[in-house]
**Student:** 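My structure is below; once you've seen it, I'll send some questions.
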Amino acid sequence: MRNGEILVEHAARKFRVYPREQRALKDLVVARHHMRGSDVWALRDVSFEVEPGSALGLVGRNGSGKTTLLRLLSGIVKPSSGRVAVGGRVGSLLELGAGFHLDLTGRENVFLNGSIHGLKRAQIREKLDEIVAFAGLEDFIDLPVRTYSSGMYMRLGFAIAAHVEADVLLLDEVFAVGDEAFQRKCFGKIFEFKQRGGTIVFVSHDASAVERLCDRAVLLKDGLVAFDGPTHAAIVEYRRLLAGEREPEERAAGLKEWGGDVARVERARLLGPGGEERMQLLAGEPFSIALDVTADLPLPPPRLVWELRDDAGILVSSDAISTGELGWDDTTRSLPLRFEADRPPFSDGRLHLRVDLTGEDGGTQYHSLDDALVFVVYPSDDARGLVRLEGSWSRADAVEARL
């Protein structure tokens, strides 16, 4: 088998699940007749091939079998039936801090994880400084990893996986933790690995990340392959699975968009006072938000719901309006909308716009888009804080004299 090649033939995996966990030997002896387990199939008859140097995305709802499939590819578990074969060395980051020993230092865990990936001690020593620098943990590498934050865990785990000189790299929600700068660094390293001819299997709920990295994707549904083809088409099918839900649980793992098969917000733009497209504003500078709402079929006027939140997720402003008030009728297929803010109160911070397109009564969810826009407001003077409070200072005794 060629290095970097992946072959999955009719693979299936089942797990034995019991009503409650058996915690003691007494449970096994006394309650063994009452603890009848049931078989749960995580994967059924999954087949696909990946050529060396390709990047394959795996998408699907929680519980669809994505992580189980990655575990089969990594060799952590074996298929119950079928065949899974991977050519060459495999590097993987399947869980946050997987393989870390909490009482060992970051440096000791680099050697431990490197040996798990098949590297010799001399090879790890050669790469140690590069791994530590990539993770940005120079000041913390000799501290026990139990003192690390979740972001530090992720940075160290990814740095090790990205430097093992693997032929195949398996990544599971690798961007769910970490700031924007770290995510850009990770993407750069992954693209570098891809350009060298490495094979990538990438699991993520962030559709934009999958589309940037992968030219092909497999959609899993209930352990079966529901779609295998171009990434964009797979993402469209995935969003259809989520249509109708207001708050799918996958949002916590990076899901930004779902629905959109009947009606959608096609495009969102932030415009400056001159109508030019912007990504940042000065405090108090007028702006407008332009949205294009489209529908594929005749549709009663949908309702547009929007929220503006800060980086901490705190709600700054929200509102809702019926597109019927803005000119939508039963023949409308596309409607450009614009929100004008002539005297915005924002002073300093990053703002995130979420939009939802629903039925008039709110019961039908057509399209949801987190981070439809993300823009930064820079202070124009010494004022700080998200909101600029309009007012003026004066002498208190002068005010009292006027009263």
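Since we're looking at a predicted model, the values are computed, not measured. Just so you know, these numbers use all the heavy atoms, side chains as well, and skip hydrogens, waters and symmetry mates.
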**Student:** Mind checking the CG-CG spacing from L353 to L291? Nearest 0.5 Å is all I need.
**Tutor:**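 Taking CG in L353 and CG in L291, the distance rounds to 7.0 Å.
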**Student:** Between T199 and E5, is the side chain to side chain contact (heavy atoms under 4.5 Å, CB included) condition met? List the steps.
**Tutor:** CA-CA 7 Å; T199 303; E5 184 180 5; over 6 Å; no
**Student:** Can you tell me how far apart OH (Y148) and CZ (R155) are? Round to the nearest 0.5 Å.
**Tutor:**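 One finds 9.5 Å between OH of Y148 and CZ of R155.
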**Student:** ring-ring contact (aromatic ring centres under 6.0 Å, His included): which pairs involve residues 280-303, sequence neighbours left out?
**Tutor:**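 The answer is F287-F375.
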**Student:** Would you please test I160 and V110 for side chain to side chain contact (heavy atoms under 4.5 Å, CB included) and show each step?
**Tutor:** CA-CA 7 Å; I160 296 170; V110 171; 4.1 Å; yes
**Student:** Does atom CZ (R196) have a neighbourhood of more than 12 heavy atoms from anything else shown, all under 6.0 Å?
**Tutor:**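 Yes, enclosed.
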**Student:** Which pairs would a plain distance check flag for residues 311-321, meaning a side-chain donor or acceptor within less than 3.5 Å of a matching protein atom at least two apart in sequence or in another chain?
**Tutor:**
{"residue": "D311", "atom": "OD1", "partner": "H352", "partner atom": "NE2", "Å": "2.5"}
{"residue": "D311", "atom": "OD2", "partner": "R350", "partner atom": "NE", "Å": "3.4"}

**Student:** Would you please say whether a donor-acceptor pair under 3.5 Å links the side chains of D356 and T358?
**Tutor:**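 No, because no side-chain N or O of D356 sits under 3.5 Å from a partner of the opposite role on T358.
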**Student:** Applying salt bridge (Lys or Arg N to Asp or Glu O under 4.0 Å) to D228 and R216, what does each step give before you reach the verdict?
**Tutor:** CA-CA 7 Å; D228 183 354; R216 175 186 164 208; 2.9 Å; yes
**Student:** Not counting sequence neighbours, list each pair that qualifies as a salt bridge (charged side-chain N to carboxylate O under 4.0 Å, His left out) and has a residue in residues 74-87.
**Tutor:**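 Every salt bridge (charged side-chain N to carboxylate O under 4.0 Å, His left out) pair that includes a residue of residues 74-87, provided the two are not neighbours, is E9-R83.
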**Student:** Is any side-chain N of the basic residue among D167 and R89 closer than 4.0 Å to the acidic one's carboxylate O?
**Tutor:**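 Salt bridge absent between D167 and R89.
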**Student:** So, S288 side chain and R338 main chain: donor-acceptor pair closer than 3.5 Å or not?
**Tutor:**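 Looks like no, no N/O pair under 3.5 Å.
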**Student:** Pairs in or reaching into residues 44-92: which pass ring-ring contact (aromatic ring centres under 6.0 Å, His included), with residues at least two apart or in two chains?
**Tutor:**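 Matches after skipping sequence neighbours: none remain.
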**Student:** With rounding to the nearest 0.5 Å, note down the distance linking CG in L102 to OG1 in T147.
**Tutor:**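 Answer rounded to 0.5 Å: 10.0 Å.
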**Student:** Are I6 and L56 side-chain neighbours, meaning at least one heavy-atom pair lies under 4.5 Å?
**Tutor:**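 No, side chains not in contact.
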**Student:** Going by salt bridge (Lys or Arg N to Asp or Glu O under 4.0 Å), name the residues that satisfy it together with E49, two or more places apart in sequence or in a different chain.
**Tutor:**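 E49 satisfies salt bridge (Lys or Arg N to Asp or Glu O under 4.0 Å) with no residue once adjacent residues are dropped.
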**Student:** Applying salt bridge (Lys or Arg N to Asp or Glu O under 4.0 Å), run through D370 and R354 and close with a yes or a no.
**Tutor:** CA-CA 5 Å; D370 280 346; R354 168 177 174 161; 3.5 Å; yes
**Student:** Report the distance from atom CG of L270 to atom CD1 of I289, rounding to the nearest 0.5 Å.
**Tutor:**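 Rounded to the nearest 0.5 Å, the CG-CD1 separation comes to 6.5 Å.
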**Student:** Looking only at atom types and distance, does a side-chain atom of S149 sit under 3.5 Å from a main-chain N or O of M152, one as donor and one as acceptor?
**Tutor:**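 Checking the backbone N and O of M152 against the side chain of S149, a donor-acceptor pair under 3.5 Å is found.
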**Student:** Would you call the rings of F100 and Y153 parallel, tilted or perpendicular if under 30° counts as parallel and over 60° as perpendicular?
**Tutor:**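 Answer is tilted, since the angle falls between 30° and 60°.
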**Student:** Heavy atoms only: give me the nearest T68-A42 pair and the separation to one decimal.
**Tutor:**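 So the minimum-distance heavy-atom pair works out to OG1-CB, 3.8 Å.
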**Student:** Taking only residues two or more places apart in sequence, or in another chain, which ones meet D292 in a salt bridge (Lys or Arg N to Asp or Glu O under 4.0 Å)?
**Tutor:**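 In terms of salt bridge (Lys or Arg N to Asp or Glu O under 4.0 Å), with neighbours along the sequence ignored, D292 is linked to R267.
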**Student:** Measure from NZ or CZ of R13 to the centre of the six-membered ring of F15, then state whether that distance is under 6.0 Å and the direction lies within 45° of the axis.
**Tutor:**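 So R13 does make the cation-pi contact.
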**Student:** Look at the side chain of N109 and the backbone N and O of L112, then say whether any donor-acceptor pair between them is shorter than 3.5 Å.
**Tutor:**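 Such a contact is absent between N109 side chain and L112 backbone.
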**Student:** What closest approach, in Å, do P79 and V84 show between heavy atoms, and which atom pair accounts for it?
**Tutor:**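 Result for this residue pair: CG-CG2, 4.3 Å.
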**Student:** Determine whether a donor-acceptor pair (N or O, by modelled atom type, separation under 3.5 Å) exists between the side chain of K256 and the backbone of A372.
**Tutor:**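 A pair under 3.5 Å: no.
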**Student:** Applying salt bridge (charged side-chain N to carboxylate O under 4.0 Å, His left out) as the test, list every pair that has at least one member in residues 113-132; sequence neighbours left out.
**Tutor:**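 For residues 113-132, and leaving out neighbouring residues, the salt bridge (charged side-chain N to carboxylate O under 4.0 Å, His left out) pairs sorted by first residue read K127-E165, E130-K189.
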**Student:** With a 4.5 Å cut-off on side-chain heavy atoms, are R239 and H367 touching?
**Tutor:**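 Side chain of H367 against side chain of R239, heavy atoms only: no contact under 4.5 Å found.
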**Student:** Holding to ring-ring contact (aromatic ring centres under 6.0 Å, His included), I want the full list of residues that pass it with H163, two or more places apart in sequence or in another chain.
**Tutor:**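 Here the qualifying residues are F134.
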**Student:** Show me, pair by pair, the donor-acceptor contacts under 3.5 angstrom made by side chains of residues 208-215, not counting sequence neighbours?
**Tutor:**
{"residue": "S208", "atom": "OG", "partner": "D206", "partner atom": "OD1", "Å": "2.7"}
{"residue": "E211", "atom": "OE1", "partner": "H232", "partner atom": "ND1", "Å": "3.2"}

**Student:** If you draw a 6.0 Å radius around CG in D222, do more than 12 non-hydrogen atoms from other residues or ligands fall strictly inside?
**Tutor:**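 12 or below, so no.
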**Student:** Among residues at least two apart in sequence or on other chains, which ones pass salt bridge (Lys or Arg N to Asp or Glu O under 4.0 Å) with R240?
**Tutor:**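 Per chain and number, R240 pairs via salt bridge (Lys or Arg N to Asp or Glu O under 4.0 Å) with E237.
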**Student:** So which atom in E360 and which in S322 form the shortest heavy-atom distance, rounded to 0.1 Å?
**Tutor:**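 Nearest pair, atom of E360 first, then S322: OE1-OG, 2.8 Å.
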**Student:** List the steps and the verdict of side chain to side chain contact (heavy atoms under 4.5 Å, CB included) for H10 and S47.
**Tutor:** CA-CA 5 Å; H10 306 290; S47 297; 3.6 Å; yes
**Student:** Output yes when a side-chain donor or acceptor of T364 lies under 3.5 Å from a complementary backbone atom of G359, and no otherwise.
**Tutor:**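 No, because the side chain of T364 does not come within donor-acceptor range (under 3.5 Å) of the backbone of G359.
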**Student:** So L143 and L137, do their side chains get closer than 4.5 Å, heavy atoms only?
**Tutor:**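 No, every pair of side-chain atoms sits at 4.5 Å or beyond.
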**Student:** Which atom pair, heavy atoms only, marks the closest approach of A290 to L271?
**Tutor:**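 Result for this residue pair: CB-CD1, 4.0 Å.
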**Student:** Over all heavy atoms of both residues, which pair between S347 and A283 is shortest? Give the atoms and the distance, please.
**Tutor:**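 Heavy-atom minimum between the residues: O-CB, 3.5 Å.
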**Student:** Please lay out, stage by stage, how V77 and L72 fare under the test side chain to side chain contact (heavy atoms under 4.5 Å, CB included).
**Tutor:** CA-CA 5 Å; V77 297; L72 292 180; 3.5 Å; yes
**Student:** Do L255 and Y238 have side chains that approach each other closer than 4.5 Å (heavy atoms only, starting at C-beta)?
**Tutor:**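 Heavy-atom side-chain distance check passes, below 4.5 Å.
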**Student:** Under 6.0 Å from the OH atom of Y378, do we count more than 12 heavy atoms belonging to anything else shown?
**Tutor:**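 No - once you tally the heavy atoms of other residues, nucleotides and ligands closer than 6.0 Å, there are 12 at most.
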**Student:** Heavy atoms, side chains only, cut-off 4.5 Å: are R146 and D103 in contact?
**Tutor:**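 Yes, their side chains come closer than 4.5 Å.
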**Student:** What I'd like to find out is whether the side chain of R388 reaches to under 4.5 Å of the side chain of S380, using heavy atoms alone.
**Tutor:**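 Of all side-chain heavy-atom pairs linking S380 with R388, at least one is under 4.5 Å.
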**Student:** Please check this pair: side chain of K66 against backbone of G60, looking for a donor-acceptor N/O pair closer than 3.5 Å.
**Tutor:**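 A pair under 3.5 Å: yes.
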**Student:** To the closest 0.5 Å, what do you measure between CD1 (I235) and CD (E257)?
**Tutor:**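 Output value for this atom pair is 9.5 Å.
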**Student:** Taking salt bridge (Lys or Arg N to Asp or Glu O under 4.0 Å) as the test, write out the residues that go with R278, two or more places apart.
**Tutor:**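 Salt bridge (Lys or Arg N to Asp or Glu O under 4.0 Å) check on R278 returns E276, E285.
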**Student:** Does this structure show an ion pair linking D39 with R16, if we count only N-O contacts that are shorter than 4.0 Å?
**Tutor:**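 Salt bridge: yes.
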**Student:** Which residue pairs satisfy the ring-ring contact (aromatic ring centres under 6.0 Å, His included) criterion with at least one member in residues 311-341, sequence neighbours excluded?
**Tutor:**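 Every pair satisfying ring-ring contact (aromatic ring centres under 6.0 Å, His included) with a residue in residues 311-341: W306-F339.
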**Student:** To the nearest 0.5 Å, tell me how far L357 CG sits from R303 CZ.
**Tutor:**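 Answer rounded to 0.5 Å: 11.5 Å.
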**Student:** Between V203 and L171, is there a side-chain heavy-atom distance shorter than 4.5 Å?
**Tutor:**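 Answer no - side chains too far apart.
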**Student:** Of all heavy-atom pairs between F346 and L308, which one has the smallest distance, and what is that distance?
**Tutor:**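 For F346 and L308, the tightest heavy-atom pair comes out as CZ-CD2, 3.6 Å.
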